[in-house]
Amino acid sequence: MTQPAQSPRPEPDRNRPVDDAGDGDGKGIYFLLKNVLIDPPVKRIFRPKVEGAEHIPAQGPAIIASNHLSYADWIFMPLVVRRRITFVAKSDYFVGAGIKGRFQRGFFKGTGQVPIDRSGGSAAEGAMRAGMKVLERGELFGIYPEGTRSHDGRLYKGRTGVARLALEAKVPVIPCGVIGTDKVAPPGKVVASMASPTIKFGAPLDFSRYEGMEGDRLILRAVTDEIMYKIMELSGQEYIDMYATKAKALEGRATTGAPKKVRKTDT
């Protein structure tokens with residue numbers, strides 16, 4: 001008997017933002033990875049320092065907003081917090097094929113991370129929806145307001161998504177300053193130094209005075225700037241009032257000698 005033909009497995013649409021924040025499962029895998037496989041050797045080798053951990057609430061939803069110096073930030077910062085922190089991760093990690101793809105997919109899904117396609121124009125909306133789901137479960141959501149890693153160690157202008165999320169979810173924002181991770185793992189290197197990074201948490205920021213004003217762009221900018229100022233105080237970084245992506249592009253043009261492209265938004 002001829003077997004009916006099977007439909008080919010559809011290829012994942014990488015142009016569509018993925019906003020599945022999961023359902024909170026994977027806690028067992030997360031704590032196994034953190035407390036058994038990662039925590040002991042990392043703390044023994046790098047001896048990370050933490051200040052202000054008492055500002056992290058023992059329960060209930062909150063946003064942890066941090067500067068972003070290195071890919072190692074997502075290892076060291078959650079390592080010093082008792083509760084699980086959920087971040088967004090590139091959707092590529094959830095759709096890979098083969099053994100490596102299955103391992104990556106299992107790791108990121110098992111640790112409760114949120115897949116998001118950051119290449120699409122609606123990536124910010126996907127991240128917002130994912131963050132809301134995490135906060136509605138009463139958990140901690142980690143976010144890097146700069147939107148990308150700093151390429152030169154300075155602190156750049158924050159995107160207003162963190163403010164909108166805080167106002168819509170009605171949750172506090174805990175500022176975090178990570179220091180020294182760019183020495184441990186600078187761009188292009190897995191580990192370059194055994195330096196001890198420092199993670200500082202500030203007191204929770206309450207923005208309930210702006211309730212119902214999440215649609216006001218000036219309010220969103222004011223809230224974001226207040227968060228970035230607190231992060232600057234904690235990290236000790238020089239602050240640049242420019243988006244990191246634009247600063248990096250300008251630096252690249254200066255290096256290559258390419259003319260600057262002037263947009264209406266730049267004038």
Side-chain angles (χ1 to χ4, degrees), residues 19 21 24 49-69 73-74 76-88 112-114 116 124-148 150 155-179 198-241 243-244:
D19 64 350
K49 304 170 185 176
V50 60
E51 298 179 17
E54 67 275 9
H55 294 308
I56 306 293
Q59 58 185 0
I63 296 170
I64 298 182
S66 175
N67 60 328
H68 198 11
L69 295 173
D73 295 338
W74 73 269
F76 287 107
M77 193 254 273
L79 202 64
V80 298
V81 178
R82 283 181 171 273
R83 298 177 59 190
R84 180 171 72 168
I85 306 174
T86 298
F87 292 87
V88 293
Q113 306 312 298
V114 179
I116 188 72
E125 286 300 320
M128 280 288 298
R129 291 192 296 270
M132 284 295 294
K133 290 182 180 180
V134 172
L135 295 170
E136 286 170 357
R137 294 200 300 264
E139 300 177 3
L140 300 176
F141 185 70
I143 190 170
Y144 299 113
E146 291 169 279
T148 186
S150 172
L155 183 68
Y156 285 89
K157 187 175 182 179
R159 304 280 180 174
T160 58
V162 61
R164 182 180 158 199
L165 185 60
L167 297 186
E168 289 191 3
K170 299 179 177 60
V171 299
V173 177
I174 300 167
C176 174
V178 177
I179 304 169
T198 300
I199 300 90
K200 297 182 179 180
F201 297 101
L205 302 175
D206 178 14
F207 297 108
S208 58
R209 62 190 182 277
Y210 297 122
E211 183 175 347
M213 304 175 72
E214 57 270 14
D216 189 319
R217 294 176 60 184
L218 294 179
I219 293 296
L220 294 181
R221 173 45 56 194
V223 169
T224 303
D225 288 346
E226 182 175 339
I227 294 170
M228 298 309 294
Y229 183 80
K230 292 298 182 180
I231 294 175
M232 180 190 71
E233 287 187 321
L234 292 166
S235 68
Q237 292 170 277
E238 177 186 357
Y239 178 77
I240 305 298
D241 191 25
Y243 292 123

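Hydrogens, waters and symmetry mates play no part in the numbers below; they use all other heavy atoms, side chains included.
- Counting only distance, with no hydrogens or angles, the side chain of Glu146 and the backbone of His68 share a donor-acceptor pair below 3.5 Å.
- For the pair Pro204/Ile174, a side-chain contact is recorded, criterion being any heavy-atom separation below 4.5 Å from C-beta on.
- Side-chain contact between Tyr210 and Leu220: absent, with no pair of heavy atoms (C-beta onward) separated by less than 4.5 Å.
- Closest of all the heavy-atom pairs between Ile231 and Ala65 is CD1-O, 3.5 Å.
- Taking each heavy atom of Phe141 and Ala127 in turn, the nearest pair found is CZ-O, 4.3 Å.
- For Glu54, the CD atom is densely surrounded, since the number of other residues' heavy atoms within 6.0 Å is greater than 12.
- The SG atom of Cys176 sits 8.0 Å away from atom CD1 of Ile85, with the distance rounded to the nearest 0.5 Å.
- Between Tyr156 atom OH and Met232 atom CE the span is 14.5 Å, to the nearest 0.5 Å.
- Of all heavy-atom pairs spanning Met228 and Pro145, the tightest one is SD-CB, 3.6 Å.
- Taking both residues in full, the closest heavy atoms of Val81 and Leu140 are given as CG1-CD1, 4.2 Å, listed atom of the first, atom of the second, then distance.
- Looking only at side-chain heavy atoms (C-beta outward), Leu135 and Leu165 come within less than 4.5 Å of each other.
- Atom CZ of residue Phe201 and atom CD1 of residue Ile64 lie 5.5 Å apart, to the nearest 0.5 angstrom.
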Decide yes or no on side-chain contact (heavy atoms from CB on, under 4.5 Å) for Lys157 and Tyr239, but give the supporting numbers first.
CA-CA 8 Å; Lys157 187 175 182 179; Tyr239 178 77; 3.8 Å; yes
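- Within the 4.5 Å cutoff, side-chain heavy atoms of Arg159 are placed close to those of Tyr243.
- Going from atom CG of Leu218 over to atom CE of Met213 covers 9.0 Å, rounded to the nearest 0.5 Å.
- Side chains of Lys200 and Ser235 form no contact here, defined as non-hydrogen atoms less than 4.5 Å apart.
- Pairing each heavy atom of Pro61 with each of Pro172, the nearest pair is O-CD, 3.8 Å.
- Using a distance-only test at 3.5 Å, with no hydrogens or angles considered, a donor-acceptor pair links the side chain of Arg83 to the main chain of Gly60.
- Asn67 pairs with exactly one of Leu155, Leu234, Asp73 by the side-chain contact (heavy atoms from CB on, under 4.5 Å) rule, that one being Leu155.
- Put simply, CD1 on Ile227 and CD1 on Ile143 are 8.5 Å apart, with the number rounded to the nearest 0.5 Å.
- Ion pair Lys170/Glu214 not flagged as a salt bridge, since none of the NZ, NE, NH1 or NH2 atoms sits closer than 4.0 Å to an Asp/Glu carboxylate oxygen.
- Between the side chain of Arg217 and the backbone N or O of Thr160 there is no donor-acceptor pair closer than 3.5 Å.
- Ala169 approaches Met132 most closely through the heavy-atom pair CB-SD, 3.6 Å.
- Between Glu233 and Lys230, at least one side-chain N (NZ, or NE/NH1/NH2) sits under 4.0 Å from a carboxylate O, which counts as a salt bridge.
- For the atom pair Arg221 CZ and Asp216 CG, the distance stands at 12.5 Å (nearest 0.5 Å).
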Show your working on side-chain contact (heavy atoms from CB on, under 4.5 Å) between Val223 and Val173 and close with a plain yes or no.
CA-CA 10 Å; Val223 169; Val173 177; over 6 Å; no
